[in-house]
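Hydrogens, waters and symmetry mates play no part in the numbers below; they use all other heavy atoms, side chains included. So you know, we letter chains A, B, ... as the sequences are listed, proteins then strands, and number each from 1.
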There are 2 protein chains.
Amino acid sequence: MKMSDVAKLANVSPATVSRVLSNPELVSKETRKKVLDVINQVNYKPHIVARQFRTQETKMILVVVPDITSAFFSKVLRGIEHMAIDHGYQVILGDTEHDINRELEYINLLHQKQVDGMVLLTARIDKEKLQDISAHFPMVLACEYMDGLDVPTVSIDNISSARKATEHLIQLGHKRIAHITGPMNIILSRDRLKGYRQAMLGHDIPIDSAYIQEGELTFESGYDQTMKLLALEAPPTAIFAFNDEIAMGAMKAAKDSGLSIPNELAIIGFDNIKMAMMVEPGLTTIDQPKYAIGKKAMELLLKQINNESIKKKKFVLKDELIIRQTCGAEQQTVSHV
Amino acid sequence: MKMSDVAKLANVSPATVSRVLSNPELVSKETRKKVLDVINQVNYKPHIVARQFRTQETKMILVVVPDITSAFFSKVLRGIEHMAIDHGYQVILGDTEHDINRELEYINLLHQKQVDGMVLLTARIDKEKLQDISAHFPMVLACEYMDGLDVPTVSIDNISSARKATEHLIQLGHKRIAHITGPMNIILSRDRLKGYRQAMLGHDIPIDSAYIQEGELTFESGYDQTMKLLALEAPPTAIFAFNDEIAMGAMKAAKDSGLSIPNELAIIGFDNIKMAMMVEPGLTTIDQPKYAIGKKAMELLLKQINNESIKKKKFVLKDELIIRQTCGAEQQTVSHV
DNA sequence: CTGAAAGCGCTTACAG
DNA sequence: CTGAAAGCGCTTACAG
C-alpha cells in the first residue's frame, strides 16, 4: 500500500495525501477527512525511507558513546534521548568500546547522510579532524572539553571539579593523597589530573609521583592500583579516583587489606553514579549533571540542524560535591559556584 | 558529489560505479581501478538513504529495551550489537522506560520500513499483537518467554532458575523465605514467582502471602520492601529478590536495621550484574548469559531477515548459580543442568 | 564486461 | 485548495 493507492481510494492526487500527512493546514477540512478516513481504513503507513530520501533529512541523530554499559553514560543518553524524541528525532547508538576505529566508522554515518547530526560523548580522534567534521555537519561534543576547539561543547569544568575533590581531602587533614587516573589518552583523565595537581600545589603539598597511578576505567583496575598504592612504604591516607567505578575497586582493596574506610583510608570518586549511594559506606563523590548535559547537548545539536545560530559554544554545567561516608566528613551537600 | 559525477570523471556509466561499490567482481580489473581512483580522489561517499530506498532494506535493526540504564540490558545489547555489526547492520535503540505506548511507537518503525527487523527485550503488548507483528516482520523476543507464543525466543528458563535460587536458601536451612517480586505485569516477575512457589511447595514449606512483596525494579524499592518484611511479627530469615538491584536494596535495608548478612538475613539476587560482585558482602545470585542471549537473538533475527528457515523457535540458555557471601554457603559455582 | 533506462515512494515548486 | 510533473540518488534487469 503506497501513497498513490491511498490517493486513488480517496479520489485525490498523491500530492494531497502527502499534504494531509505533512502539512494538513494546506488541505480543506473535507478533503482532509476523506483522506484520513481512507488512511485509517487501510492502515496506511508512509514509507519513511522514501520521505527521508526526498527531503534529504533522516530525522535521526547519532550518539557516539565510549562504553554503553557505563552507568554514567546511560544517564547522559537518557537526556539526549528525551530531547530528541520530543523533537521528532530517533537516536542511533554508536558504542565504540573505546576503539578509535569504531569512532571513525560511526562518523562515516554523517558523511553518508544516514544521520542528521551527531553527539560525541567521547573524542579520541584528533582536534583537526573534529574541527573539520564540525565545519561540515551538525555536531556537539559532550562530557569532554577540548581546549581551543571550535565545536559546541557541554560539560562540567573537570579541572575545577577535580581540584575541589582533592581539596576536600586536604581540608580533612590529608597530605598523602594519591590519584588513580584514567588512561592518559582520554582528555578527561588529563583534566582531572590537572585539578589534582592544582589542589596539591595550591596547598604546598609536594606531589609524590608514586602516588599517581594510571589505570583503566574499571572496578578491577581500581582494585589493582589501590593494592599497588597500599604496598608503598608510605602508603597514601586518601585516594582520589578518576571515577566511581574505580573508587569502588579501591574500596574493595581497602577492605581486603583490612583497612577501615574512612579512618585508615579515605576515598573520593567522580560522577555520582547510582551505585555510589548503594555501596557501604556510601561513596563521597563529585556529581555530574548527567541528564542535563545530555539534554543541553541535544538542544545545541537541534539548533545546528535547524540552522539557528549558536552564540555561545562552550557550556559549562555545575557539578556538586556529594559528601557521604568514605571521606569522614560530616554528611552534607556543597554546591559548586 | 554523487554517483553520476564520479561516473563522468571516470568516463564510465553510473551503473558501473554502482557495481564497483556493490559487486566489484562484475567489473573488469582496469575499470575497477579507474573508478576507485576517482572515488578516493574526490572522497566520494555513496548516499546510503538513496541506496536504502532503492534496495528496500535499511540494514538497520531496532532493539527495544525497557530500561537503557540497566546494567543487565546493556550487556545483552552488547551481544546484539557485536553480532549486528559483524553482519553489516546498525542498531537503533528504543528505550521504552517500561512504557507500553513507547513500545508501540517503536514497533511503528517496522511498519514504516525504517528498520529491517526488531529484537524485543521486553514485551508489554499482548500476545496477539506480538504474534501478528511477527507474522509480518522479522522479530525476536529475548530475555522473556511467553508461553504458547509462536515467535522466536531466546531466554533462560526463569521458572527453573527461580526455583533453584529458592532451593539454595532452603538447603541452607531457611524456611521463612520471602520473595520480592517485580511488577506483576512483567512476565518475568510472574515466572520467577512461579519458581519460588514451586520450590516452597516442593519442600512442603507453607507460603505466607505476607512474604511475597511486589516492588518496582529498583534499589529503592528493594530497600522499602525489605523494611516492610523486617517489620513483620515473624520476619523472614532469607529473601529471594527478583533481581540484583532489588537485592542490593535489601542488603542496605538489612544493614540499616542492624542485621548481619548472611547470619541474620540471607539474600539472593538474580541476573549477576557486575555490581553484584562489587558489593560487600558479595551477592549470591543467578547468572544469566547476557551476552550470549543478545548474540543468539541477533543470530535468529538475521536468519529471518535473510529468509532462512528457523527450525527451532525457542532457545533456552543455561543459567548458573553464583555463590558468594550473602547466603552463607561456601563459595563455589554450581552449573545448571 | 558495460551502458541506457526504468523505477523505488515520496515531496514540493509551479500553475491554475 | 488541488493536481500534474519533476526529481531526490541510487540499483538492477535487460540488452548488447
Check every strand shown and say whether [X] touches a base, only sugar-phosphate, or nothing at a heavy-atom separation below 4.0 Å.
| X | value |
| --- | --- |
| B/S4 | nothing |
| B/L26 | base |
| A/V12 | sugar-phosphate |

Rounding to an integer number of Å, can you tell me how far [X] [atom1] sits from [N] [atom2]?
| X | N | atom1 | atom2 | result |
| --- | --- | --- | --- | --- |
| B/R54 | D/dG9 | CZ | P | 16 Å |
| B/R19 | C/dA4 | CZ | C1' | 11 Å |
| B/N11 | C/dG3 | CG | C1' | 13 Å |
| B/Q114 | C/dG9 | CD | P | 16 Å |
| B/I48 | D/dC8 | CD1 | P | 18 Å |
| A/K2 | C/dG7 | NZ | P | 10 Å |
| B/H111 | C/dG9 | NE2 | C1' | 19 Å |
| B/L21 | D/dT12 | CG | C1' | 15 Å |

- Item | 5' priority, DNA chain C, between B/A15 and B/T55 [closest heavy atom] |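 Nearest nucleotide further toward 5': that of B/A15.
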- Message: Taking C/dA13 as the reference, what is the distance to C/dG9 when you measure between their P atoms (whole Å, please)?
- Response: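 Taking atom P in both C/dG9 and C/dA13, they lie 23 Å apart.
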- Message: Using the P atom as the point on both nucleotides, what is the distance between C/dA6 and C/dT2, in whole Å?
- Response: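 23 Å, rounded to whole Å.
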Please report the shortest heavy-atom distance between [X] and [Y], naming the atom on each side.
| X | Y | answer |
| --- | --- | --- |
| B/T122 | B/T96 | CG2-OG1, 4.4 Å |
| B/M60 | B/Q114 | CB-O, 4.2 Å |
| B/E144 | B/I187 | OE1-CD1, 3.4 Å |

- Quick check: does any side chain N or O of B/D95 sit under 3.5 Å from a backbone N or O of B/E97, one acting as donor and the other as acceptor?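 Checking the backbone N and O of B/E97 against the side chain of B/D95, a donor-acceptor pair under 3.5 Å is found.
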- Row check, B/F315 ring normal vs B/K296 NZ/CZ: under 6.0 Å, within 45°: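 Satisfied, under 6.0 Å and within 45°.
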- Task: Kindly confirm or rule out a cation-pi arrangement of B/K290 over B/F72, judged by NZ or CZ under 6.0 Å from the six-membered ring centre and within 45° of its axis?
- Result: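 Cation-pi check for B/K290 and B/F72: fails.
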Within the pair [X] and [N], is there a side-chain N or O less than 4.0 Å away from OP1 or OP2?
| X | N | result |
| --- | --- | --- |
| A/Y44 | C/dC10 | yes |
| B/Q56 | D/dT11 | no |
| A/R51 | C/dT11 | yes |
| B/S13 | C/dG3 | yes |
| A/S28 | D/dC1 | no |

Among the nucleotides [options], which one has an atom lying closest to any side-chain atom of [X]?
| X | options | result |
| --- | --- | --- |
| B/T31 | C/dT11, D/dC10, C/dC1 | C/dC1 |
| A/S22 | D/dC10, D/dT2, C/dT11 | C/dT11 |
| A/H47 | C/dC10, D/dT2, C/dT2 | C/dC10 |

- Message: Tell me which nucleotide, if any, is Watson-Crick or G-U wobble paired with D/dG16 when both distances must be under 3.5 Å.
- Response: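 Looking at the geometry, D/dG16 pairs with C/dC1.
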